[in-house]
Amino acid sequence: MASLADRVRSNGRIAAGLLLNLLVSICIVFLNKWIYVHHGFPNMTLTLVHFVVTWLGLYICQKLDIFAPKSLPLSKLLLLALSFCGFVVFTNLSLQNNTIGTYQLAKAMTTPVIIVIQTFCYKKTFSTKIQLTLIPITLGVILNSYYDVKFNFLGMVFAALGVLVTSLYQVWVGAKQHELQVNSMQLLYYQAPMSSAMLLVAVPFFEPVFGEGGLFGPWSVSALLMVLLSGVIAFMVNLSIYWIIGNTSPVTYNMFGHFKFCITLFGGSVLFKDPLSVNQGLGMLCTLFGILAYTHFKLSEQEVSKSKLVQRP
């Protein structure tokens, strides 16, 4: 009876964790878009706020013994911290200059780009089935972008840069975690302050610091509260991702991601009145089909490799 109660409690915690991640992941996209559209808050400065709040949150977490920090050589994290800056800045610039649908679909291109990077730079091989799933993913993104009524060339440049830098960052994170034998929170604990310092130096060259449109400009209380809330939610997104993967599996998190993908696309068209043509809808379905096929084949391959390991004498 006790074991049944423990299982119910455990499932309840996982359900609560997934629900929290669903809410904060969708909330951060809509809240950031709202801040850009209605307050015009500078992009890099908002990213800097996110990094500082994330580091403060992680500092509190390690003081509460949620994780144990590990001493790491800063020189080995320099490129990672730089790419962390790049991927968040370019992703936010993509959100600022594109419709939510185009922004969300462009992010789906991360998987194909990671596969290309790992194939050509790390000599990793992928099955033909996995490679074929890249066709509907890419075709769907192209279809959506081509028929996007609010097509923005600058927005597409930022989206492309965001995908490239995000892909590099994800590949490097995996490599660094393996090389330094750390988990994502231990890595982020060092990355966040390094990335904050880099942005602190860069912000004055690209955005105003004082006066209209600057960090210390005449912002309304509501705008500042929204920015602070955005920082707290960004930290909660990072923390909930780590918790879900640690308590379930990366596959569960990715499958759950498809659900968030659909809700975010629908929410963008409702909240921000983003126009959606039939061809764009087909593009979105095409990309979603590719993502689901990729996950299905990846799951099947993982199961086969697990069973082979079990069968070994």
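Note that the structure is predicted; figures quoted are calculated from it, not measured.
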Check: Counting distance only, does the side-chain N/O of Asn98 pair as donor-acceptor with the main-chain N or O of Gly155 below 3.5 Å?
Finding: yes

Next item on the list: For residues Phe87 and Ser195, determine if any side-chain heavy atom of one lies less than 4.5 Å from a side-chain heavy atom of the other.
Entry: no

Notebook entry, point to check: Going by heavy atoms in the side chains, are Leu143 and Thr287 under 4.5 Å from each other?
Noted result: no

Check: Does Met226 offer a backbone N or O that forms a donor-acceptor pair with the side chain of Ser230 under 3.5 Å?
Finding: no

Next item on the list: Would you indicate whether the side-chain heavy atoms of Ser222 and His39 approach each other to under 4.5 Å?
Entry: yes

Next item on the list: Could you tell me whether the side chain of His50 reaches within less than 4.5 Å of the side chain of Thr45, counting heavy atoms only?
Entry: no

Check: Within a strict 4.5 Å, meaning less than it, do heavy atoms of the Trp172 and Ser83 side chains meet?
Finding: yes

Check: Does Tyr190 use its side chain to pair, donor to acceptor, with the backbone of Lys70 at less than 3.5 Å?
Finding: yes

Next item on the list: Compare every heavy atom of Cys286 with every heavy atom of Pro136, then report the nearest pair and how far apart it is.
Entry: O-SG, 3.4 Å

Check: Taking C-beta and beyond as the side chain, do Met109 and Thr166 meet within less than 4.5 Å on heavy atoms?
Finding: no

Next item on the list: Report the distance from atom CG of Leu282 to atom CZ of Phe289, rounding to the nearest 0.5 Å.
Entry: 14.0 Å

Notebook entry, point to check: So which heavy atom on Cys85 is nearest to which on Leu199, and how close?
Noted result: SG-CG, 4.0 Å

Next item on the list: Considering non-hydrogen atoms only, spot the tightest contact between Ala68 and Gln186 and give its length.
Entry: O-NE2, 2.7 Å

Checklist line | Within the 6.0 Å centroid threshold, strictly below: Tyr36 and Phe41 | finding: no

Check: Are Phe67 and Tyr189 an aromatic pair by the rule of ring centers under 6.0 Å?
Finding: yes

Next item on the list: Side-chain contact test, heavy atoms from C-beta onward, threshold under 4.5 Å: evaluate it for Phe84 versus Val173 and give yes or no.
Entry: no

Next item on the list: Evaluate whether atom NZ of Lys76 has more than 12 neighbouring non-hydrogen atoms of other residues, nucleotides or ligands under 6.0 angstrom away.
Entry: no

Notebook entry, point to check: Is there a side chain to side chain contact (heavy atoms under 4.5 Å, CB included) between Thr119 and Thr125 once you walk through the steps?
Noted result: CA-CA 6 Å; Thr119 301; Thr125 54; over 6 Å; no

Next item on the list: Could you tell me whether a side-chain N or O of Glu207 sits under 3.5 Å from a main-chain N or O of Met44, the two making a donor and an acceptor?
Entry: yes

Checklist line | Residue pair Pro42 / Leu46, side-chain heavy-atom distance below 4.5 Å | finding: no

Checklist line | Value rounded to 0.5 Å, distance of CG in Asn43 from CG in Asn92 | finding: 5.0 Å

Item checked: Donor-acceptor contact present, side-chain Ser94 to main-chain Phe158, <3.5 Å -> no

Next item on the list: Indicate, with yes or no, if the rings of Trp55 and Phe235 have centres closer together than 6.0 Å.
Entry: no

Checklist line | Which atom of Ala234 lies closest to which atom of Ile28, heavy atoms considered | finding: N-CD1, 3.7 Å

Check: Between Gln131 (side chain) and Phe126 (backbone), is there a donor-acceptor pair under 3.5 Å?
Finding: yes

Notebook entry, point to check: Same cluster or not: are Phe205 and Leu93 linked, directly or through other Ile, Leu, Val, Met, Phe, Trp or Tyr residues, by side-chain heavy atoms under 4.5 angstrom apart?
Noted result: yes

Margin query: Checking the side chain of Thr91 only, and the main-chain atoms of Val88 only, is there a donor and an acceptor separated by less than 3.5 Å?
Written below: no

Margin query: Between Lys33 (side chain only) and Leu95 (backbone N and O only), is there a donor and an acceptor less than 3.5 Å apart?
Written below: yes

